[in-house]
Structure formats: structure tokens, C-alpha cells
Amino acid sequence: MNLFKIYTGRLRGFLRQMMNDGRLPAGLDLSRAVVQPPRDEAHAEMSSNAAMVLAKPAGRKPREIAGMLKEALAGEPQVRDLEVAGPGFLNWNLGPEVWLEALRPILRQGTAYGASDMGAGIPVNVEYVSANPTGPLTVGHARGAVIGDALAGLLEKAGYDVTREYYINDAGNQVDTLARSTYLRYREALGLDEARIPEGFYPGEYLKDVGQALAARDGKRWLEEPESVWLAPLRTFAIEEIMGWIKNDLAKLGIRQNVFSSERSLVEAGAVDEVLQVLEQRDLIYVGTLDPPKGKQPEDWEPRPQTLFRATRFGDDIDRPLKKSDGSWTYFANDMAYHLDKYRRGFRRQIDVWGADHGGYVKRMRSAVTALSDGEAALEVKICQLVKLTRGGQPLRMSKRAGTFVALRDLIDEVGGDAVRFIMLTRKNDAPLNFDLDKALEQSRDNPVFYVQYAHARAMSVIRHAGEGFAGVSTDPPALDGVALESLTDSDELSLIRLLVRWPRVVESSAEAAEPHRIAFYLYDVAARFHGLWTRGKDETELRFLQPGAPEVTAARLVLVKATATVVASGLQIFGVQPVEELR
RNA sequence: GUCCCCGUAGCUCAGCUGGAUAGAGCGACAGCCUCCUAAGCUGUAGGUCACAGGUUCGAAUCCUGUCGGGGACGCCA
């Protein structure tokens, strides 16, 4: 149920008729001819660009086509105030009863309202966070986590079959370094060494906890053993420990991924060899020597023949190495194996959410997915820009080396998971984000979490009041469903209704663009109109939602209030944020 | 040197994939509480959409170039 979709369909029906009876040339592409809310609500309630879009291919003047459409649409019983405007827009209004009736599905469907079948159950894999298991999550990771999870929720709402996935980078040098660093902390926990962490080890204090946990579990078991014995078990132990923290932090944000894929398991299962096979079959692999990188030149650069993937065939800038000089696979080779695995699990559409520092990696990975799937699968990459933490406008220094980086759990403890989630979604993923700790706690219009939650709480407050002191008015959805709505006539009421009715459209366009932040802005907009209406009731008491002595009016307004709360809750659900019943 | 992202009001940012007179918040200024939560609301001021070309009925949006900011550039992940 999406009014704009319905009218787009009708309009295209008329256009097809015109093509059939020769008033328009046959074979026109109608896909760009749509019915939308106009940019400026003052113009009309509905608007179509059809005449302008079709003018050129039809060889007719926009206003001429618009005129024909106007005539056709004039026969629709609900359409009124039809007019051709500007360069060829066709504008019209619907009778208020159409908008009022559109409120009912909101109450009937509850937070399911806005769901779409656009995705048609197509499987989509969204991979996000995928932080190295070498330390706790930072604020930077949180952004990718939140964006990825909200995107997954959005696509689900839009009818896709979404899998939420985390790729554990538990292979390679970094986790070996983790194991060695853990060993030092383990000795420290047993009182053996002063904790002086040499160069080349992870200095983070958090590893003390891992060392102690290990000592508690295994006692002195590893003390006399050589590295070759303890490396693997300590690595496993540390990774499991830290993944536990990570999952815990994610849970506090309401994020639960369905699948955790282990890089090491994939490699050990021979997934990289399969990649090589596929590449060889398609002649996409060769041994060659790369030119040294321009600009910042590594000191130890020497030309060396390497095993290369022909990424340039798929739009990358250079071919990419698959093997390190010690003979082990590059991260890229492993990652190819992982994405091949996702493809073989049935995902033709894959989305990865990465940090800004991986921007240079996008082309090669997209190339890889195209190559490995022979063009059947496509990878989209959402790059998340940096988060700048401030407090009262003053930047907080974040340095991993100095150990003063802000751990995600500290941020959550200070401002709460919901605030973290919502604020991280108030910017597009590819724009930098300022996160002000004071703002996140502020209870003002400046703080979008609060502002949107307040709208929901206010709505619920009205419904509570109605339930307490209004004879003849029921607040149950089934009872509200039968209520007459004609008394909703104020222009601000109708304007709020039109905004609520746009919700399914917002879901679809946001999902199509893979931009969850649009939901945040929409919810803010809904909140603003609701607060506005509320406050008008201060002066104009006849506009208050609850009208003693007028049960019909009160009931109709309760439908609107309930619908507002429902749409807000439906949006927050996509974000994994709990709508609050009241503010404390 | 190459590639990617960004540049919109004093500040922080939207702008529905090319539409009509470019919109919010903050800050500034002027107002609104006997009353469903003033934790809110209303109004005013503020713009060469970085710049220059191009594409077209129409450009903040698409293309090219320039300037400015950020990120990336074999054997880290």
C-alpha cells in the first residue's frame, strides 16, 4: 500500500493506452515516468514528471503530453485540483478522505507498516564490523557496525533475505603478534616479568586481562614451553577471549550477526586453492613483476616476480599480488576466498561495510567478485568515514599508540547504546561524523535521538491519558480502526498524515540507495511535525488531541497519534533502537 | 604521480538518483507556559550550491578541468 506507487501505475496505464491508440508513439520507455510528492508541498499533494520525461522520446511538447494526461486523470474519482504547472509538471490533490483512509493500514499493520516486497526475497549478504580480533572495538568500528546493521535492517524491511555477517581475521601476522603479546602478559600475570612491552608487540593494557584469564585457566603450563608449542593455543585463546568482548559490545548496541566466518578455517579448508583454480581456468592469474608504487616509496622495495591476479581486466588500476615473499597468501588472496565462499553460499548480491582506510581496496575486491563469479555476483562497498569525538565542541584525542583511544564500551557506558546508534546514522556513511558526547546526552532538539524519542513518548503519553480519563474512547487498535476520521481537517494534521503515508516510499528509496541515514532524517521530520502540532494545541485548545466532551474528535486524533508513534517505532526498529514509552 | 571520497547559510548538515522559489538545526534577533511533558513551539535575518567550462527543455545533482580538505597506493589487515 503505497499511494504514490498506485498512482504511478495508473498513470503508466494511461500512457500505454495513448501509445496503443496512437496518441503517443509506441515503445516509449515509461520507467522514468513517476508520481512523487513534489519537492515543495505547497505545489500539490501529488505530482508527475511524466510529460517532461517523455517529451523528447515522443517528439512532443511537455505541456501537450501533460494536457493529455490531465484529461485522462480527470476521470479518476479521487483526483482533484488537476493542473499543469511549471515546465510540464502535472499536479493534483486527492480528496482528504483518501489520506485519512491511508491511516488505517498503519494501525492495522503496526510496526510492520512500511515493509515492502521490493527485494522479492533475494538473498543479500551484508558484512560489517569484521574488526581484527586483536583488541576491543573502538568508536571507529562502531560506525561501520551501526551502518552495516541498519542497512541490513533496512534491506530486510524492503523485502530482501538478509544475512548479517562478520569476517574474523584470525589468520596472518597480526594474530601471531597477538599471541606473543598475550604470552608476555601471561608471564606478567604469573608474576614473572616486569611488563615492559618491546617494539613489535601490542602494548594495550587490555591484554593484561587476557594474560590473567589464561593464567587462571592453564596455570604454569606454557611457561617452559617453546613458542612453537604455545603459539597456536594462545592465539586461539586470545582470539576467543577478544571476540567475546567484541560480541558483547555489539550486543550492547543491539547488533547480533548471524554468521561469523573465520579466515583461518577458510584457508585451512583449502578455499584459496579453489580461488587459484577458478582464476587459472579463466586465465586470470600469471607471474609478473609490478612497478614500484609511486609517491611514498617503501625503503626495502625490490622488483620481484609475483603471482598476480589480472584485476586490471575488471577496472582496477594494477594487477594484484596473491602471495607474500614468504610464500604465504596475501590478505587479498584470503579475502578472495572468502568472497568466493559467499558467492557459493548463494549470494549474488554482497555488501561490505569498510572503514575509510580501506578505500584503496575497493576496486580490487569488486574486480575479484566479478571475476570469481564470472559476472554473476556483484559487490557493493560502503566506506565509512572517520568519527571525530568531541566533548562540548573540544576534540578528544584518539591515539591507539598512546593507549588513549576511546573504546566503544566506554562510549556506550557514557551515552547509551541507542544514542550511539542513532547519532552514527545521522550522517551519510561517506561523510565524516562529529560525535559530541555532551550533545548525545543533551535533551534538546539538537540531539536527534532525544528529539525523536520524545515524539514517541509524547504520543504514548497522550494515549495513556486517553485510556485513563475518556469515557467512550478506546485506545485499542481494533477499536480505533472503526473510528470516523473526517474530523481531522487542520492543515497541520493533514500534513502530518501525508508525511506518515510516505513512510513506505522512504523505506524503498533508502533501501534502493542503500542509505540508512535517510531514515534518521525522515524520523526527525516526523518528530518535528508532531511536536509542532502538539505545541499549537497550547494556544489553540481546540487543536489538542484529547477533547473532553467530544469522543469522536478525540478518537480520530488518537488514530493520528497512534499512527505517528507506530511509524516512529517502525523506523527505530530498522535501527535496532527501542522506542521509549516515557522520558525520565 | 595515480586512484577514491568530500566542498551547499557564520557553524553542523539535508537535498528523495536531473525538476518548480535550494531546506533544517545551532548561533543571532523577536515572541509563546493557569492548559495533553516549554526537555517544546512560532517568526525574522542569513546563499554566486568551491571555481570554470560542457551535456539539456531544466544541473547543487551528470561529464571534463582547476583549486582546497581527507583517505589509499607490493610482501599490514
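For the numbers below, each heavy atom of this structure counts, side chains included, while hydrogens, waters and symmetry mates do not. Below, chains carry the letters A, B, ... as their sequence lines are ordered, and counting in each starts from 1.
- Interface residues of residues 323-331 of chain A facing RNA chain B, ordered by number: Lys324(A), Ser325(A), Tyr331(A); criterion, heavy-atom separation under 4.0 Å.
- The pair Arg502(A)-Glu41(A) does not count as a salt bridge, with every side-chain nitrogen at least 4.0 angstrom from each carboxylate oxygen.
- Comparing C29(B) with C51(B), their P atoms are spaced 30 Å from each other, to the whole Å.
- Note on residues 452-462 of chain A: pairs passing side chain to side chain donor-acceptor pair (under 3.5 Å), not counting sequence neighbours, are Tyr454(A)-Arg458(A), Arg458(A)-His531(A).
- With sequence neighbours left out, the salt bridge (Lys or Arg N to Asp or Glu O under 4.0 Å) criterion links Asp492(A) to Arg536(A).
- Looking at Glu508(A) and Lys5(A), a side-chain N of the basic residue comes within less than 4.0 Å of a carboxylate O on the acidic one, giving a salt bridge.
- For A20(B) and U61(B), the P atoms lie 13 Å apart once the distance is rounded to whole Å.
- Between U8(B) and A24(B), the distance separating the two C1' atoms is 13 Å to the nearest Å.
- Ion pairing between Glu45(A) and Arg498(A) holds under the 4.0 Å rule for side-chain N and carboxylate O.
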Please tabulate, for the side chains in residues 378-387 of chain A, all donor-acceptor contacts under 3.5 angstrom to protein atoms that are two or more places apart in sequence or on a different chain.
from      : atom 1 : to        : atom 2 : distance (Å)
Glu380(A) : OE2    : Arg349(A) : NE     : 2.7
Glu380(A) : OE2    : Arg349(A) : NH2    : 3.2
Lys382(A) : NZ     : Ala514(A) : O      : 3.1

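- Evaluation of the ring pair (Phe, Tyr, Trp, His ring centres under 6.0 Å) rule for Phe545(A) yields Phe530(A) as partners, not counting sequence neighbours.
- Taking Phe309(A) as the reference, nothing meets the ring pair (Phe, Tyr, Trp, His ring centres under 6.0 Å) condition, with sequence neighbours excluded.
- Helical stems in RNA chain B, defined as runs of 3 or more consecutive Watson-Crick or G-U wobble pairs with both donor-acceptor distances under 3.5 Å, are listed by first residue as B:1-7 with B:67-73, B:10-13 with B:23-26, B:28-32 with B:40-44, B:50-54 with B:62-66.
- Ion pairing between a basic and an acidic side chain is recognised when a charged N comes within 4.0 Å of a carboxylate O; Asp319(A) and Arg310(A) show no such pairing.
- Out of U37(B), C41(B), A77(B), the shortest distance to the side chain of Thr535(A) is found at C41(B).
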Heavy-atom contacts, protein to nucleotides 9-28 of chain B, under 4.0 Å, summarised as B (base), S (sugar-phosphate only) or - (none) per nt, yield ---SSSSBB-BB----SS--

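- A gap of 40 Å separates the C1' atoms of G74(B) and A60(B), to the nearest Å.
- Applying the side chain to side chain donor-acceptor pair (under 3.5 Å) rule to pairs touching residues 550-559 of chain A yields Glu493(A)-Arg557(A), sequence neighbours excluded.
- Contact between the side-chain N/O atoms of Ser461(A) and the OP1/OP2 oxygens of U37(B) is found at a separation under 4.0 Å.
- With sequence neighbours excluded, no residue forms a ring pair (Phe, Tyr, Trp, His ring centres under 6.0 Å) with Tyr286(A).
- G65(B) and C26(B): their P atoms are spaced 41 Å apart (whole Å).
- Only the P atoms considered, C75(B) is 46 Å distant from A59(B), to the nearest whole Å.
- Comparing the P positions of C62(B) and C49(B) gives an interatomic distance of 16 Å, to the nearest angstrom.
- Distances shown here put every side-chain N or O of Trp354(A) at or beyond 4.0 Å from the OP1 or OP2 atom of A77(B).
- Every pair passing salt bridge (charged side-chain N to carboxylate O under 4.0 Å, His left out) that includes a residue from residues 171-182 of chain A is listed here, sequence neighbours excluded: Asp176(A)-Arg235(A), Arg180(A)-Glu227(A).
- Residues from residues 307-322 of chain A with heavy atoms under 4.0 angstrom of RNA chain B, sorted by number: Asp317(A), Pro321(A).
- Comparing the P positions of C63(B) and C3(B) gives an interatomic distance of 14 Å, to the nearest angstrom.
- For Lys538(A), a side-chain nitrogen or oxygen approaches OP1 or OP2 of C36(B) to under 4.0 Å.
- Residue Val577(A) comes nearest to Asp418(A) through the heavy atom pair CG1-CG, 3.6 Å, listed as atom of the first residue, atom of the second, then distance.
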